[in-house]
Amino acid sequence: MTAITIRPEAPGDQGAIHEVTEQAFRPMPFSDGSEPRIIDQLRDDGDLTLSLVAEDTMQIVGHIAFSPVTITDAATGWYGLGPVAVRPELQRQDIGGRLIRRGIADMRERGASGIILIGSTDYYPHFGFKHEPQLTYAGGPAEYFQCLLLEGKLPKGEVKYAPAFG
C-alpha cells in the first residue's frame with residue numbers, strides 16, 4: 001500500500017472530494033446518492049467546520065466532514081461527523097479510521113464539546129462512540145445514532161443536523 005497523508009481540504013480539492021464520496025457511497029444499499037451534494041452544500045453554506053482528505057502520492061483517496069449540529073437543550077460545541085468516504089478499492093485498509101482519529105483529535109483541539117454520527121454499531125464504538133438515549137435523532141433507528149463526549153457533560157435533547165442534510 002502507498003503511504004497516505006491526512007491533511008485539511010485545500011482550494012481545488014472539491015472535485016476530487018465529490019468524486020471519492022460518490023464512488024464510496026454508490027454501492028451502499030443504505031445510500032440515496034445525496035452524500036456528495038451534502039458536502040458541497042455544507043461548504044456553500046459555510047457549515048463545513050472541518051474537512052480532511054486522505055491522499056496518496058497521486059490523488060485524494062478519502063474524505064471526512066464535520067459540521068455543526070443543534071441540540072434542543074441549547075448545548076453548544078457539538079458537531080456531526082459525516083459523511084466519511086474512502087475509494088472502494090482502498091477500503092478496509094484503515095484509511096477511514098485514520099481520517100476519523102485525526103478528525104476527532106482536530107475537533108478536540110478546536111474545543112468541541114462532542115461529536116455525533118449515524119453509523120455502524122460494530123465500527124464506531126472502536127473510536128469511543130456509543131448510543132446515549134438522552135440524545136435523540138428523528139432520522140433513523142436509535143441504535144445507529146451515537147455520540148462521543150469530548151468535554152463537559154452530556155447534553156439532553158433532540159439533535160438536528162445542518163440544513164444541507166435536509
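Along the sequence shown, the residues carry numbers beginning at 1. Owing to the predicted nature of the structure, the values given are computational and were not obtained by experimental measurement.
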Carboxylate-amine/guanidinium contact [X] [Y], below 4.0 Å:
X: R87; Y: D56; value: no
X: D32; Y: R37; value: no
X: R43; Y: D40; value: yes

Problem set entry | CA sep, side-chain torsions, deciding dist, call: D122, S120, side-chain hydrogen bond (donor to acceptor under 3.5 Å, both in side chains) | CA-CA 5 Å; D122 293 326; S120 167; 4.6 Å; no

Do you know the tightest heavy-atom contact between [X] and [Y]?
X: T49; Y: S67; answer: OG1-CA, 3.8 Å
X: H131; Y: F145; answer: ND1-O, 3.0 Å
X: P8; Y: D13; answer: O-OD2, 4.3 Å
X: D47; Y: A162; answer: OD2-CB, 3.7 Å
X: L52; Y: L50; answer: CD2-CD1, 3.9 Å
X: S51; Y: H63; answer: OG-NE2, 2.7 Å

Exercise. Do you reckon I6 sits in the same ILVMFWY cluster as V20, going by side-chain contacts under 4.5 Å, direct or chained?
Worked result: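 In one cluster with I6: V20, no.
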
Exercise. Honestly curious: do L48 and I104 fall in one hydrophobic cluster under the side-chain, below-4.5 Å linking rule?
Worked result: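 No; I104 is not reachable from L48 via cluster members.
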
Exercise. If only atom types and distance count, is the side chain of R98 paired as donor or acceptor with the main-chain N or O of A54 below 3.5 Å?
Worked result: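 A pair under 3.5 Å: no.
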
Exercise. Under the salt bridge (charged side-chain N to carboxylate O under 4.0 Å, His left out) rule, what pairs show up with a residue in residues 143-158, not counting sequence neighbours?
Worked result: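 For residues 143-158: E158-K160.
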
Problem set entry | Atom CZ of F25 with >12 non-hydrogen neighbours under 6.0 angstrom |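 Atom CZ in F25 is crowded, with more than 12 foreign heavy atoms closer than 6.0 Å.
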
Exercise. Is the distance between the ring centroids of Y137 and Y161 less than 6.0 Å?
Worked result: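 Yes, they do, as the ring centres are separated by less than 6.0 Å.
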
Exercise. Parallel under 30°, tilted from 30 to 60°, perpendicular over 60°: which one fits the rings of Y124 and F127?
Worked result: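 Geometry flag for F127 against Y124: tilted rings.
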
Exercise. Which of these, I4, V53, T5, sits in a side-chain contact (heavy atoms from CB on, under 4.5 Å) with V61?
Worked result: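 Running side-chain contact (heavy atoms from CB on, under 4.5 Å) over I4, V53, T5 with V61 returns exactly one hit, I4.
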
